[in-house]
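These figures come from a predicted structure and were not determined experimentally.
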Amino acid sequence: MGVRQMSFGFKENFVKNSVAISHLQFADDTLLVGVKSWANVRALRAVLILFERISGLKVNFHKSLPIGGNPRRIQFWLPLIEKIRKRLSGWKCKNLSIGGRLILLKSVLSSIPGGCEENKKISWIKWDTICVHRERGGLGVQRVKDFNYALLGKWVWRCLEEGESLWCRLLKAKYGTIGGRLRYGEGVGSPWWQAVNQVRLGVGLLDSNWLLDNIVRKVGDGRSTCFWLDPWLEEESLVRTFRRLYYLAEDKNISVAAMCVAGWGRNGEGWKWRRRLHAWEEELVGQCVGVLSNIVL
(Lines give C-alpha, C1' and ligand atoms only; values in the text may rest on other atoms or scores of the structure.)
Protein backbone atom coordinates (compact mmCIF):
# COMPACT_ATOMS: atom_id res chain seq x y z
CA MET A 1 0.00 0.00 0.00
CA GLY A 2 1.38 3.42 -0.88
CA VAL A 3 0.39 6.98 -1.60
CA ARG A 4 0.55 7.93 -5.25
CA GLN A 5 2.82 10.97 -5.30
CA MET A 6 2.33 14.08 -7.38
CA SER A 7 4.47 14.85 -10.43
CA PHE A 8 4.82 18.43 -11.60
CA GLY A 9 6.07 19.13 -15.12
CA PHE A 10 6.09 21.83 -17.77
CA LYS A 11 3.70 20.86 -20.53
CA GLU A 12 6.27 21.27 -23.37
CA ASN A 13 8.60 18.64 -21.95
CA PHE A 14 6.91 16.94 -19.02
CA VAL A 15 9.04 13.79 -18.87
CA LYS A 16 12.36 15.65 -18.83
CA ASN A 17 11.37 18.41 -16.43
CA SER A 18 8.94 16.61 -14.13
CA VAL A 19 9.58 16.74 -10.38
CA ALA A 20 8.00 14.05 -8.20
CA ILE A 21 7.05 15.09 -4.66
CA SER A 22 5.67 12.74 -2.01
CA HIS A 23 6.16 14.81 1.16
CA LEU A 24 7.59 18.05 2.53
CA GLN A 25 8.92 18.64 6.03
CA PHE A 26 9.74 21.80 7.96
CA ALA A 27 10.56 21.87 11.69
CA ASP A 28 7.87 19.67 13.29
CA ASP A 29 5.42 19.88 10.39
CA THR A 30 4.99 17.23 7.69
CA LEU A 31 3.00 17.77 4.51
CA LEU A 32 2.02 14.70 2.51
CA VAL A 33 1.44 15.42 -1.19
CA GLY A 34 -0.58 13.13 -3.41
CA VAL A 35 -3.03 12.86 -6.28
CA LYS A 36 -6.61 13.72 -5.29
CA SER A 37 -8.28 10.31 -4.99
CA TRP A 38 -10.12 8.25 -2.39
CA ALA A 39 -7.43 5.58 -2.66
CA ASN A 40 -4.89 8.12 -1.42
CA VAL A 41 -7.23 9.23 1.38
CA ARG A 42 -7.56 5.65 2.61
CA ALA A 43 -3.79 5.12 2.33
CA LEU A 44 -3.05 8.26 4.32
CA ARG A 45 -5.56 7.29 6.99
CA ALA A 46 -3.90 3.88 7.30
CA VAL A 47 -0.48 5.56 7.67
CA LEU A 48 -1.81 7.79 10.45
CA ILE A 49 -3.37 4.81 12.25
CA LEU A 50 -0.02 3.02 12.13
CA PHE A 51 1.60 6.17 13.50
CA GLU A 52 -0.87 6.10 16.40
CA ARG A 53 0.01 2.54 17.32
CA ILE A 54 3.77 3.02 17.04
CA SER A 55 4.01 6.37 18.83
CA GLY A 56 1.16 6.02 21.32
CA LEU A 57 -0.19 9.42 20.24
CA LYS A 58 -3.80 10.03 19.27
CA VAL A 59 -4.68 11.44 15.86
CA ASN A 60 -7.82 13.57 15.70
CA PHE A 61 -9.42 12.88 12.32
CA HIS A 62 -12.27 15.32 13.02
CA LYS A 63 -10.16 18.50 13.02
CA SER A 64 -8.98 18.14 9.43
CA LEU A 65 -10.05 20.44 6.61
CA PRO A 66 -12.87 19.26 4.32
CA ILE A 67 -11.87 17.11 1.34
CA GLY A 68 -13.22 17.42 -2.18
CA GLY A 69 -14.16 21.11 -2.25
CA ASN A 70 -12.66 23.95 -4.24
CA PRO A 71 -10.29 25.94 -1.97
CA ARG A 72 -10.54 28.94 -4.32
CA ARG A 73 -14.18 29.48 -3.41
CA ILE A 74 -15.20 31.38 -0.28
CA GLN A 75 -17.80 28.75 0.61
CA PHE A 76 -15.05 26.18 1.05
CA TRP A 77 -13.61 28.11 4.01
CA LEU A 78 -16.87 29.22 5.66
CA PRO A 79 -17.01 26.28 8.16
CA LEU A 80 -13.44 26.99 9.26
CA ILE A 81 -14.06 30.75 9.51
CA GLU A 82 -17.19 30.14 11.58
CA LYS A 83 -15.29 27.83 13.94
CA ILE A 84 -12.57 30.44 14.47
CA ARG A 85 -15.16 33.18 14.97
CA LYS A 86 -16.87 31.20 17.74
CA ARG A 87 -13.58 30.62 19.55
CA LEU A 88 -12.60 34.29 19.35
CA SER A 89 -16.04 35.71 20.21
CA GLY A 90 -15.24 35.95 23.94
CA TRP A 91 -11.64 37.07 23.51
CA LYS A 92 -11.15 40.80 24.05
CA CYS A 93 -7.35 40.81 24.26
CA LYS A 94 -7.69 41.03 28.07
CA ASN A 95 -4.58 38.93 28.66
CA LEU A 96 -2.29 40.83 26.31
CA SER A 97 0.62 42.85 27.63
CA ILE A 98 1.24 46.42 26.47
CA GLY A 99 3.78 45.11 23.95
CA GLY A 100 1.31 42.52 22.69
CA ARG A 101 -1.39 45.14 22.29
CA LEU A 102 0.98 47.33 20.27
CA ILE A 103 1.76 44.38 17.97
CA LEU A 104 -1.98 43.76 17.53
CA LEU A 105 -2.51 47.47 16.89
CA LYS A 106 0.24 47.48 14.26
CA SER A 107 -1.30 44.49 12.54
CA VAL A 108 -4.75 46.09 12.40
CA LEU A 109 -3.47 49.51 11.34
CA SER A 110 -1.28 47.99 8.65
CA SER A 111 -4.28 46.18 7.21
CA ILE A 112 -6.76 49.10 7.25
CA PRO A 113 -4.83 52.39 7.13
CA GLY A 114 -7.78 54.67 6.40
CA GLY A 115 -11.01 52.74 6.03
CA CYS A 116 -12.18 51.56 2.62
CA GLU A 117 -13.97 52.92 -0.41
CA GLU A 118 -17.38 51.89 0.96
CA ASN A 119 -16.71 53.30 4.44
CA LYS A 120 -14.59 56.44 4.42
CA LYS A 121 -12.99 57.45 7.72
CA ILE A 122 -11.34 60.62 8.92
CA SER A 123 -7.57 60.29 9.13
CA TRP A 124 -6.64 62.11 12.32
CA ILE A 125 -2.92 61.47 11.85
CA LYS A 126 -0.95 61.24 8.64
CA TRP A 127 -0.14 57.66 7.69
CA ASP A 128 3.46 58.72 7.05
CA THR A 129 3.66 59.84 10.69
CA ILE A 130 2.30 56.51 11.94
CA CYS A 131 4.99 54.66 9.97
CA VAL A 132 7.81 56.69 11.52
CA HIS A 133 10.02 54.80 14.02
CA ARG A 134 8.94 55.05 17.65
CA GLU A 135 12.19 56.81 18.54
CA ARG A 136 11.13 59.64 16.21
CA GLY A 137 7.61 60.00 17.55
CA GLY A 138 5.71 57.51 15.38
CA LEU A 139 4.26 54.10 16.12
CA GLY A 140 6.72 52.13 14.04
CA VAL A 141 3.94 50.55 11.99
CA GLN A 142 5.41 48.83 8.96
CA ARG A 143 4.11 49.58 5.50
CA VAL A 144 2.73 46.18 4.53
CA LYS A 145 2.73 46.97 0.81
CA ASP A 146 6.41 47.96 0.77
CA PHE A 147 7.33 45.02 3.00
CA ASN A 148 5.49 42.67 0.64
CA TYR A 149 7.41 44.10 -2.34
CA ALA A 150 10.67 43.44 -0.49
CA LEU A 151 9.70 39.82 0.26
CA LEU A 152 8.66 39.21 -3.35
CA GLY A 153 11.95 40.74 -4.51
CA LYS A 154 13.77 38.31 -2.23
CA TRP A 155 12.05 35.43 -4.04
CA VAL A 156 13.40 36.74 -7.35
CA TRP A 157 16.85 36.80 -5.77
CA ARG A 158 16.44 33.26 -4.44
CA CYS A 159 15.43 32.04 -7.89
CA LEU A 160 18.83 33.23 -9.11
CA GLU A 161 20.82 31.95 -6.13
CA GLU A 162 19.08 28.64 -5.39
CA GLY A 163 18.42 27.30 -8.85
CA GLU A 164 18.98 23.66 -7.84
CA SER A 165 16.77 23.70 -4.73
CA LEU A 166 13.62 21.56 -4.70
CA TRP A 167 11.20 24.50 -4.74
CA CYS A 168 13.04 26.14 -7.65
CA ARG A 169 13.15 22.88 -9.62
CA LEU A 170 9.40 22.59 -9.08
CA LEU A 171 8.88 26.10 -10.49
CA LYS A 172 11.09 25.23 -13.46
CA ALA A 173 9.04 22.08 -14.06
CA LYS A 174 5.79 24.06 -13.94
CA TYR A 175 6.73 27.22 -15.85
CA GLY A 176 9.65 26.04 -17.99
CA THR A 177 13.23 27.25 -18.40
CA ILE A 178 15.25 29.52 -20.66
CA GLY A 179 18.94 28.75 -20.91
CA GLY A 180 18.67 26.44 -17.92
CA ARG A 181 17.10 29.09 -15.71
CA LEU A 182 13.55 29.70 -14.59
CA ARG A 183 11.24 31.18 -17.22
CA TYR A 184 9.25 34.22 -16.15
CA GLY A 185 5.98 35.24 -17.77
CA GLU A 186 3.32 37.84 -17.10
CA GLY A 187 -0.27 36.85 -16.42
CA VAL A 188 0.40 33.14 -15.91
CA GLY A 189 0.45 30.87 -12.87
CA SER A 190 -0.77 31.38 -9.33
CA PRO A 191 -1.45 34.84 -7.81
CA TRP A 192 1.85 34.55 -5.91
CA TRP A 193 3.81 33.80 -9.09
CA GLN A 194 2.12 36.67 -10.92
CA ALA A 195 3.07 39.00 -8.05
CA VAL A 196 6.72 37.83 -8.27
CA ASN A 197 6.71 38.56 -12.00
CA GLN A 198 5.23 42.03 -11.45
CA VAL A 199 7.85 42.97 -8.85
CA ARG A 200 10.61 41.67 -11.13
CA LEU A 201 9.34 44.01 -13.87
CA GLY A 202 8.77 46.89 -11.44
CA VAL A 203 4.98 47.00 -11.89
CA GLY A 204 3.38 49.22 -9.23
CA LEU A 205 6.71 50.48 -7.87
CA LEU A 206 7.73 54.13 -7.71
CA ASP A 207 11.06 53.10 -9.24
CA SER A 208 10.36 50.41 -11.83
CA ASN A 209 14.07 49.49 -11.92
CA TRP A 210 14.41 49.19 -8.13
CA LEU A 211 15.08 45.46 -8.16
CA LEU A 212 17.18 45.10 -11.30
CA ASP A 213 19.34 48.10 -10.37
CA ASN A 214 20.34 46.38 -7.15
CA ILE A 215 21.24 42.99 -8.64
CA VAL A 216 24.70 42.39 -10.08
CA ARG A 217 25.64 39.01 -11.45
CA LYS A 218 29.11 37.49 -11.11
CA VAL A 219 29.91 36.29 -14.60
CA GLY A 220 32.56 33.65 -13.93
CA ASP A 221 32.99 31.66 -17.15
CA GLY A 222 29.79 33.19 -18.55
CA ARG A 223 28.03 29.90 -19.26
CA SER A 224 25.11 30.57 -16.93
CA THR A 225 24.85 34.29 -17.65
CA CYS A 226 22.53 35.62 -20.35
CA PHE A 227 24.30 38.10 -22.64
CA TRP A 228 21.29 40.38 -23.21
CA LEU A 229 19.08 39.95 -20.16
CA ASP A 230 21.40 39.68 -17.15
CA PRO A 231 22.95 42.79 -15.53
CA TRP A 232 26.48 41.43 -15.81
CA LEU A 233 28.13 44.71 -16.75
CA GLU A 234 28.75 47.57 -14.33
CA GLU A 235 26.15 49.85 -15.89
CA GLU A 236 23.03 47.74 -16.51
CA SER A 237 21.75 44.90 -18.68
CA LEU A 238 22.35 45.25 -22.40
CA VAL A 239 18.66 44.83 -23.15
CA ARG A 240 18.01 48.12 -21.39
CA THR A 241 20.94 49.96 -22.98
CA PHE A 242 20.53 48.53 -26.50
CA ARG A 243 16.88 47.50 -26.62
CA ARG A 244 16.70 47.88 -30.40
CA LEU A 245 19.56 45.43 -30.94
CA TYR A 246 17.96 42.98 -28.52
CA TYR A 247 14.74 42.92 -30.56
CA LEU A 248 16.73 42.34 -33.77
CA ALA A 249 18.95 39.58 -32.35
CA GLU A 250 18.24 36.04 -33.54
CA ASP A 251 19.17 34.42 -30.24
CA LYS A 252 17.89 36.53 -27.38
CA ASN A 253 18.94 33.97 -24.78
CA ILE A 254 22.53 33.45 -25.85
CA SER A 255 24.99 33.16 -22.96
CA VAL A 256 27.95 35.47 -22.38
CA ALA A 257 30.32 32.54 -22.92
CA ALA A 258 28.78 31.58 -26.28
CA MET A 259 28.78 35.19 -27.42
CA CYS A 260 32.41 35.64 -26.41
CA VAL A 261 33.54 32.46 -28.20
CA ALA A 262 31.62 33.41 -31.37
CA GLY A 263 33.14 36.87 -31.20
CA TRP A 264 31.58 40.17 -30.11
CA GLY A 265 34.02 42.36 -31.99
CA ARG A 266 32.90 44.64 -34.83
CA ASN A 267 32.71 41.79 -37.36
CA GLY A 268 32.30 38.97 -34.85
CA GLU A 269 30.18 35.91 -35.60
CA GLY A 270 28.22 36.48 -32.41
CA TRP A 271 26.19 39.26 -33.99
CA LYS A 272 23.35 37.52 -35.82
CA TRP A 273 20.30 39.53 -36.78
CA ARG A 274 16.82 38.73 -38.04
CA ARG A 275 17.31 41.14 -40.94
CA ARG A 276 19.88 43.46 -42.43
CA LEU A 277 20.61 46.45 -40.21
CA HIS A 278 20.06 50.08 -41.14
CA ALA A 279 22.91 52.56 -40.87
CA TRP A 280 21.79 53.96 -37.51
CA GLU A 281 21.42 50.41 -36.16
CA GLU A 282 24.99 49.66 -37.26
CA GLU A 283 26.05 52.65 -35.16
CA LEU A 284 24.35 51.06 -32.15
CA VAL A 285 26.36 47.88 -32.75
CA GLY A 286 29.52 49.98 -32.75
CA GLN A 287 28.54 51.50 -29.41
CA CYS A 288 27.85 48.06 -27.97
CA VAL A 289 31.20 46.77 -29.23
CA GLY A 290 32.84 49.72 -27.50
CA VAL A 291 31.22 48.76 -24.19
CA LEU A 292 32.52 45.19 -24.58
CA SER A 293 35.99 46.10 -25.82
CA ASN A 294 37.72 45.72 -22.44
CA ILE A 295 35.77 42.68 -21.22
CA VAL A 296 37.80 39.50 -20.81
CA LEU A 297 36.42 36.23 -19.42
In terms of heavy-atom contacts, V285 and R266 come closest through C-NH1, 3.9 Å

L201-L229 co-clustered via ILVMFWY side chain contacts under 4.5 Å: no

What closest approach, in Å, do S255 and G222 show between heavy atoms, and which atom pair accounts for it? CB-O, 3.6 Å

Atom pair CG/CG of L248 and L277 - distance to nearest 0.5 Å: 6.0 Å

Would you indicate whether R136, at its atom CZ, is surrounded by more than 12 heavy atoms from other residues, nucleotides or ligands within a distance under 6.0 Å? no

Is it the case that the side chain of K174 and the backbone of G189 share a donor-acceptor pair, with hydrogens and angles ignored and the cut-off at 3.5 Å? no

L152 and W192, any side-chain heavy atoms less than 4.5 Å apart: yes

Any side-chain donor near an acceptor of the partner, W167 and S165, under 3.5 Å: yes

Does E269 CD have over 12 foreign heavy atoms under 6.0 Å away? no

Kindly assign one of parallel, tilted or perpendicular to the pair F227 and W232, based on the angle between their ring planes and the thresholds 30° and 60°. tilted

Is the CH2 atom of W273 crowded by more than 12 outside heavy atoms at less than 6.0 Å? yes

Any chain of hydrophobic side-chain contacts (each under 4.5 Å) joining L57 to I49? yes

If you look at every heavy atom in L48 and V59, which pair is closest and at what distance? O-CG2, 4.0 Å

Taken to the nearest 0.5 Å, the spacing of D251 CG from W271 CH2 works out to 12.5 Å

Just so I know, are the side chains of F242 and V291 near enough to count as touching, which here means a heavy-atom distance under 4.5 Å? yes

W264 and V256, any side-chain heavy atoms less than 4.5 Å apart: yes

If you look at every heavy atom in S293 and G290, which pair is closest and at what distance? OG-O, 2.8 Å

Flag the pair I254 / W228 as yes when at least one side-chain heavy-atom distance between them is below 4.5 Å, and no otherwise. yes

Could you give the distance from OG1 (T30) to CD (Q25), rounded to the nearest 0.5 Å? 4.0 Å

Hydrophobic clusters here meaning ILVMFWY residues chained together by side-chain heavy-atom distances under 4.5 Å, can you tell me if V156 and Y149 are in one? yes

Do K154 and E161 come close enough that some side-chain heavy atom pair is under 4.5 Å? no

When hydrophobic residues are tied together by side-chain contacts of less than 4.5 Å, even through go-betweens, does W157 share a cluster with W193? yes

Going hydrophobic residue to hydrophobic residue with side-chain gaps under 4.5 angstrom, can you get from L245 over to I295? yes

Just how far is it from atom CG of L233 to atom CG of L292, taken to the nearest 0.5 Å? 6.5 Å

What do you reckon, is CG of L31 surrounded by more than 12 foreign heavy atoms closer than 6.0 Å? yes

Is there a donor-acceptor pair under 3.5 Å between the side chain of E250 and the backbone N or O of K272? no

What heavy-atom pair brings E281 and R276 nearest, and what distance separates the two atoms? OE1-O, 4.5 Å

Under the criterion side-chain contact (heavy atoms from CB on, under 4.5 Å), I'd like the reasoning laid out for W280 against L284: C-alpha separation, chi angles, the key distance, then a yes or no. CA-CA 7 Å; W280 66 275; L284 288 178; 3.9 Å; yes

Determine the minimum heavy-atom distance between E164 and R169, stating which atoms define it. O-NE, 3.4 Å

Please check this pair: side chain of K252 against backbone of Y247, looking for a donor-acceptor N/O pair closer than 3.5 Å. yes

